[in-house]
Number of protein chains: 2
Amino acid sequence: MGKTVSKAKIFKKPGHDHGRCIKSALDMAQSLCAARGARLTELRRRVLELVWASHRPIGAYDLLDKLKAERHNAAPPTVYRALEFLIELGLVHRIESLNAYMGCSGPDAGHSSQFLICRDCGSAAEINDARIDAAINNLSQDAGFSVHHHSIEVEGRCPDCRSTR
Amino acid sequence: MGKTVSKAKIFKKPGHDHGRCIKSALDMAQSLCAARGARLTELRRRVLELVWASHRPIGAYDLLDKLKAERHNAAPPTVYRALEFLIELGLVHRIESLNAYMGCSGPDAGHSSQFLICRDCGSAAEINDARIDAAINNLSQDAGFSVHHHSIEVEGRCPDCRSTR
DNA sequence: GAATGTTATGTTATATTATAACATTTCCAT
DNA sequence: ATGGAAATGTTATAATATAACATAACATTC
Ligand SMILES: [Zn+2]
Ligand SMILES: [Zn+2]
Ligand SMILES: [Zn+2]
Ligand SMILES: [Zn+2]
């Protein structure tokens, strides 16, 4: 179909319809939980929604602040337990280098965490490149190492920030 | 020559001469600092030595405890500042997923952080595979993302732990 | 070799991130 | 409705990291 796709649109444009991103994420979460027999409670659903409020990783205590605005009794365990649940199901990834969390864009695949993270604007984009997975698996196998999961975090500048100056 | 190298010896055997690992690391640090005009003070040198005490990542506060045994006035900034210096020079890597630190086995190359980490014994092995670098760079370029550095942390089981049962 | 600026370390306090432990509530199946 | 399991509430604390300012060590120039 033509050669229109030279650069994958991995980073979302600032002006995009983010409501749809959120909606889609919540829908996927809904059906994934149903399929797994997991309970997507109001709290968990809301935390996922807050995580998805932007395309930037968000910290647990930032989430807590937002939660407190609507649940007077929210406390650290409230948000950490919800995150634990969401991560367990693959709905959220933890960004190790930032101590922050981000919604997964393809939660049904059961993949490891791979992100490009902009050091200027803080936005992050999830990637899932077969070449990288293959390279890691090959290399691990050569080393006699059995892979459980991996985390890849690439820090740099996103297309938007690069074009801005 | 020949075909002796089917499995790279990435993970060190428990019985190896670790004194040589340490010696080599300190020597490289010495010359690298000289080349860069950086001051490898007694404190920094000692922290690097402590980091290299094993092939396992070590936490800042574990380092601090060891330091305290010989420097009554060691405090968190003592170790964090030394680590900052060592990381800056590429002599130490930070393992994000563990909040821990590990000596770099090839500090002159100026590479990003790539580790295989055993979930059973806690040992970690640094890797530097050209395929992985290439995959990350290609993919980033396709996405219009300019890479500053990256961190790869693969969790799994090391050869030793696999053979043990 | 004193004066001066710079870098490194000491020192105290506090910020940030995360978990432990136990009580209570909600949910669901019987 | 009742008992057991899962989720949430609640309080306290652990673990990791940095801010801010004071002093000491080092190097450079005069
Ligand atoms: Zn994902
Ligand atoms: Zn950006
Ligand atoms: Zn290295
Ligand atoms: Zn092991």
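Throughout, a chain's letter reflects where its sequence line sits, starting with A, and its residues are numbered from 1.
Using a cut-off of 4.0 Å between Lys/Arg side-chain N and Asp/Glu carboxylate O, B:Lys66 and B:Asp62 are scored as not salt-bridged.
Between B:Glu84 atom CD and D:dT18 atom P the separation is 8 Å, expressed in whole Å. The nearest whole Å value for the distance from the CG atom in B:Leu83 to the C1' atom in D:dT18 is 13 Å. As a whole-Å value, the separation of B:Leu89 CG from C:dA8 P is 10 Å. We find that CG of A:Leu63 is positioned 11 Å from P of C:dT17, with the value rounded to whole Å. Atom NZ in B:Lys68 sits roughly 13 Å away from atom P in C:dT11 (whole-Å rounding). Atom-to-atom, CG of A:Leu40 to C1' of D:dA6 comes out at 15 Å; the value is rounded to the nearest Å. Between the P atom of C:dT26 and the CG atom of A:Leu43 lies a distance of 14 Å, rounded to the nearest Å. B:Ile58 has its CD1 atom 11 Å from the P atom of D:dT16, to the nearest Å.
Taking side-chain N and O atoms only, A:Asn73 has no distance below 4.0 Å to OP1 or OP2 of D:dT8. For the OP1/OP2 pair of C:dT9 and a distance below 4.0 Å, the side-chain nitrogens and oxygens of B:Arg71 include no atom meeting the criterion. Residue B:Asn99 places at least one side-chain N or O under 4.0 Å from the OP1 or OP2 atom of D:dA17. Listed pair B:Tyr80 / D:dT18 fails the phosphate criterion, with no side-chain N or O lying under 4.0 Å from OP1 or OP2. Phosphate contact (OP1/OP2 of C:dT26, side-chain N/O of A:Thr41, threshold under 4.0 Å): absent. The side chain of A:Tyr101 contributes an N or O atom lying less than 4.0 Å from OP1 or OP2 of C:dA18.
A donor-acceptor contact closer than 3.5 angstrom is absent between the side chains of A:Ser151 and A:Glu96. Side chains of B:Gln114 and B:His93: no donor on one and acceptor on the other come within 3.5 Å.
Using a 30° and 60° split on the angle between ring planes, B:Tyr61 and B:Tyr80 fall in the perpendicular class, above 60°.
Applying the side chain to side chain contact (heavy atoms under 4.5 Å, CB included) test between A:Tyr101 and each of A:Leu83, A:Leu48, A:Ile95, A:Leu50 identifies A:Leu83 as the sole match.
You'll find a donor-acceptor pair under 3.5 Å spanning the side chain of A:Arg81 and the base of D:dG9, going by distance alone.
Nearer the 5' end of DNA chain D, as judged by each residue's closest nucleotide, is the contact made by B:Pro76, out of B:Pro76 and B:Arg39. Heavy-atom nearest nucleotides on DNA chain D were determined for A:Ala82 and for B:Pro77, and the one closer to the 5' end corresponds to A:Ala82.
In this structure, A:Tyr61 does not count as stacked on the base of C:dT16 under the 5.5 Å centre distance and 30° plane angle limits.
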